[in-house]
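Read through the structure below, which is laid out as structure tokens, and then see the notes.
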Amino acid sequence: MFYGMLVPALSAIFIIIVGNKLLAGQVDRGSMAYLLTAPVRRLTVMLTQTLYFIGALVVTFGSMTVTSLLVNHYAEAGFAKKILVELNFGALAIAFAFAGIMFLALGVFNLSKLSLGTGGVLILAFILLAVIASFVNYGVSGLDDV
């Protein structure tokens, strides 16, 4: 349950908030115009913000991996270490996908209301579809052998 719904939902909230503050928030406040008047290329600004976004996600999921391994060891829960690492790596991959969607929306739209309206709603729609899909019964009960 934790890795199925809670981790993607919490990481999506983090990605939407941080992603909006990275680009669109600076455009709304006017600090992006001030930054671009300096002798700094736009590519440098975008790469710096991209590296911060990726680094924040890697540090977050890295600390979550270390914490889950420590709790598993000291609580003697009996989970396989390889499984815990793979679950956290899969959650990081989903977070990267959400971050890519949000960063694309931030690059296309320069206002925070437009970027939240596209990137944020797309991410929340994917999470909502995953929740709905978790309640699906894949078999047809009327066709079971009696």
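All values derive from a computational prediction rather than experimental measurement.
Taking 4.5 Å as the limit, some side-chain heavy atom of Thr44 sits within range of a side-chain heavy atom of Arg41. Looking at Gln49 and Ile54, their side chains never come closer than 4.5 Å, going by heavy atoms from C-beta outward. At a threshold of 4.5 Å between non-hydrogen side-chain atoms, the residues Tyr52 and Thr48 do not count as touching. Inter-residue side-chain proximity for Ile94 and Ser11 is flagged as unmet; no heavy-atom pair is nearer than 4.5 Å. Taking 4.5 Å as the limit, every side-chain heavy atom of Ile16 sits out of range of all side-chain heavy atoms of Phe98. Side-chain contact between Leu116 and Phe109 is absent, with no heavy-atom pair separated by less than 4.5 Å. Residues Thr118 and Leu114 have side chains not in contact (no heavy-atom distance under 4.5 Å, counting atoms from C-beta outward). Within the 4.5 Å cutoff, no side-chain heavy atoms of Val18 are placed close to those of Met102.
Closest approach of Asn72 to Gly78, counting heavy atoms only: OD1-N, 3.4 Å. Counting all heavy atoms, side chain and backbone alike, Ala99 lies closest to Ile15 at CA-CG2, 3.7 Å.
The aromatic rings of Phe53 and Phe103 are tilted relative to each other, their planes meeting at an angle between 30° and 60°.
Between Ile101 atom CD1 and Leu106 atom CG the span is 12.0 Å, to the nearest 0.5 Å. Here the straight-line distance linking atom CG of Leu129 with atom CD1 of Ile132 works out to 5.5 Å at 0.5 Å rounding.
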**Message:** Test side chain to side chain contact (heavy atoms under 4.5 Å, CB included) on Phe89 and Thr65; report intermediate values, then the result.
**Reply:** CA-CA 8 Å; Phe89 185 73; Thr65 303; over 6 Å; no
